[in-house]
Number of protein chains: 2
Amino acid sequence: MVDSEDRATAAATATRAAATPAAAATPATALAAERPAPDLYARMREAVLSLELAPGQRLSERGLEPQFGASRTPIRAALMRLESEGLVSRDPRGWTVAPIDLDELATLAEFREVLETAIVRLATERASDDDLAGVAELVMTLSSASSADDGLGTGTGFHRELASLSGNTFLATALEGVLTRLYRTRWLEVRSAESRERALHEHEAIANALRSRDPAGAELAVVQHLRATQQRLLESLNANRVGLRASGMTIAGDAR
Amino acid sequence: MVDSEDRATAAATATRAAATPAAAATPATALAAERPAPDLYARMREAVLSLELAPGQRLSERGLEPQFGASRTPIRAALMRLESEGLVSRDPRGWTVAPIDLDELATLAEFREVLETAIVRLATERASDDDLAGVAELVMTLSSASSADDGLGTGTGFHRELASLSGNTFLATALEGVLTRLYRTRWLEVRSAESRERALHEHEAIANALRSRDPAGAELAVVQHLRATQQRLLESLNANRVGLRASGMTIAGDAR
DNA sequence: TCCTCCTGATTGGTATACCAGTATGGTATC
DNA sequence: GATACCATACTGGTATACCAATCAGGAGGA
């Protein structure tokens, strides 16, 4: 038997432009569909990271079609990719935006410490003097930018640069994954001027240890920075916890 | 206009069983398609890891259909998943079975050392006495099995167990990824009885350090084991290099 | 009033038609 | 004989029809 819907939409199929889904013609309630659309995966990722798609929210492939102006096949592909990044999860029922899990954040912090201590140790061995001077400069650049843009990308840029200087792509990729999973906490956390100030000093301490090619010192500075950062995060989350729960986001686990 | 092929295959469509592709009826030249088929991803993964799909080999989604008795959609999904594991890669042209890259193996070894030293350090802190006794027992079990099955899964089972005892799922997952990327080298490597014997002793050293809850000793034993293993691998690869190239597999990088 | 069963809607999973871009081979021309 | 060009046969990317399973809601009975 020939597809009945195929016949029904035959006219529309004949006239529609190349690879545009029928629904895209009227993206009335579109969320991220308004922009020129770089690529679907990036837009969906952005929607998750910006909390436009809330942690714990159920997603259906068909429901996402009109929102993102694409058909199920690419949406499904994007979901699978996001799943491999831990931003979305699949249960027998369907898809869910990964909840923010405080236990996971703790485990993640521990993992991150392992990665970053190794990263700075290798960086002291391998990076050129120019590279390390560049790191010190980067600290200043990002710190001045931080007053402007609220310090959003501040920390991660610095840490990404260190990872690159380690010369080990697996370390860099793993850290990238950690930063991705950590990203959404920035929206839940209150960042005071003084906490930014302290983070800046900690970055400087790391940069200095790197310049003097002191692996032990660099590892220590990194550990201190990461632990202080984690503590600031947890304090902030605990303070906001009641309000966060009320916002409809799923936040699981103990904040110890 | 209605799909012409749709009409052409209408009869076949009407009679075919639920979710079986038409081509599956005659999987003449099937490779992995013969078995009852657990799930497609697992079979394709197995085909890559067993070198049934050779390193560097070009893959086309349509070409894989008859081999695995599935249609493009699930094959594509499996390829994307394998891509995220580093077993398959996507260039502008299409899909390729990931070549075995000796440079990558070196970077991977370094990464692994970072992971496993952290793993045993955490295991000395967290694992129960029973767990650690179990590790010592596992060494013996796997060593006796190694004489039987050529020691195929020997090393990885031990290391996986350690990862689990670290109590950090990210460390365990990352190590899993490393072991996956490393897996295919076992087919290129000659494993002598004495090398297995040495690996056994190294495993025992690790287990002993764990039982005495000696983090520094455990880290040292792990580093020694991993470096010795890596050296055995590189020696074996260098010795076989010419023969390996002739086998049609792509093997890239310097074996230093 | 509560429980049960049935029906419709919704889910992900799959097969496949079509598209645009690209490589490849043969042919015709110089 | 060499080279340029064109047709054909691929490639992955996309849209969509269909399937089975499962969930939700309502109607009917106890």
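A note on names: the letters A, B, ... follow the listed sequences, proteins ahead of strands, and every chain is numbered from 1.
To the nearest angstrom, P of C:dA15 lies 15 Å from CZ of B:R62. Spacing between atom CZ of B:R72 and atom P of D:dT16 amounts to 16 Å, rounded to whole angstrom units. Remark: C1' of D:dT11 and CG of B:L64 are 13 Å apart, rounded to the nearest angstrom. B:R58 has its CZ atom 20 Å from the P atom of D:dA9, to the nearest Å. If you measure from atom CD of B:E61 to atom P of D:dT14, you get 11 Å, rounded to the nearest angstrom. To the nearest angstrom, P of C:dG12 lies 9 Å from CG of A:L59. If you take CD1 of A:I75 and P of C:dG13, they are 14 Å apart, rounded to a whole angstrom. Look at CE on B:M80: it is 13 Å from P on D:dG12, rounded to the nearest Å.
Classification of A:D101 and A:R181 as a salt-bridged pair fails, no side-chain N sitting under 4.0 Å from a carboxylate O. A salt bridge is absent between B:E104 and B:R184; no separation between the charged side-chain nitrogens and carboxylate oxygens falls under 4.0 Å.
Note on B:T73: a base of the nucleic acid sits closer than 4.0 angstrom, heavy atoms only.
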**Message:** Could you walk me through whether A:L226 and A:H159 satisfy the side chain to side chain contact (heavy atoms under 4.5 Å, CB included) test, starting with their C-alpha distance in whole Å, then the side-chain angles of each, then the deciding distance to 0.1 Å, before giving a yes or no?
**Reply:** CA-CA 11 Å; A:L226 293 180; A:H159 293 277; 4.2 Å; yes

**Prompt:** Does the side chain to side chain contact (heavy atoms under 4.5 Å, CB included) test come out yes or no for A:L108 and A:Q230, once each step is laid out?
**Reply:** CA-CA 10 Å; A:L108 210 47; A:Q230 178 75 358; over 6 Å; no

**Asked** Between A:L64 and A:M44, is a side chain to side chain contact (heavy atoms under 4.5 Å, CB included) present by the stated rule, with each step listed?
**Response** CA-CA 9 Å; A:L64 293 170; A:M44 290 186 60; 3.9 Å; yes

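Under 4.0 angstrom from either OP1 or OP2 of D:dT11 there lies at least one side-chain N or O belonging to B:S60.
In this structure B:E85 satisfies the side chain to side chain contact (heavy atoms under 4.5 Å, CB included) test together with B:Y41, B:R45, B:L82, B:L87, B:T180, sequence neighbours excluded. Taking A:E61 as the reference, A:R72, A:R76, A:L79, A:W95 meet the side chain to side chain contact (heavy atoms under 4.5 Å, CB included) condition, with sequence neighbours excluded.
Contacts with DNA chain D (heavy atom under 4.0 Å) in residues 85-98 of chain A: A:R93, listed by number.
A donor-acceptor contact under 3.5 Å is not formed by the side chain of B:R76 with the base of D:dG12.
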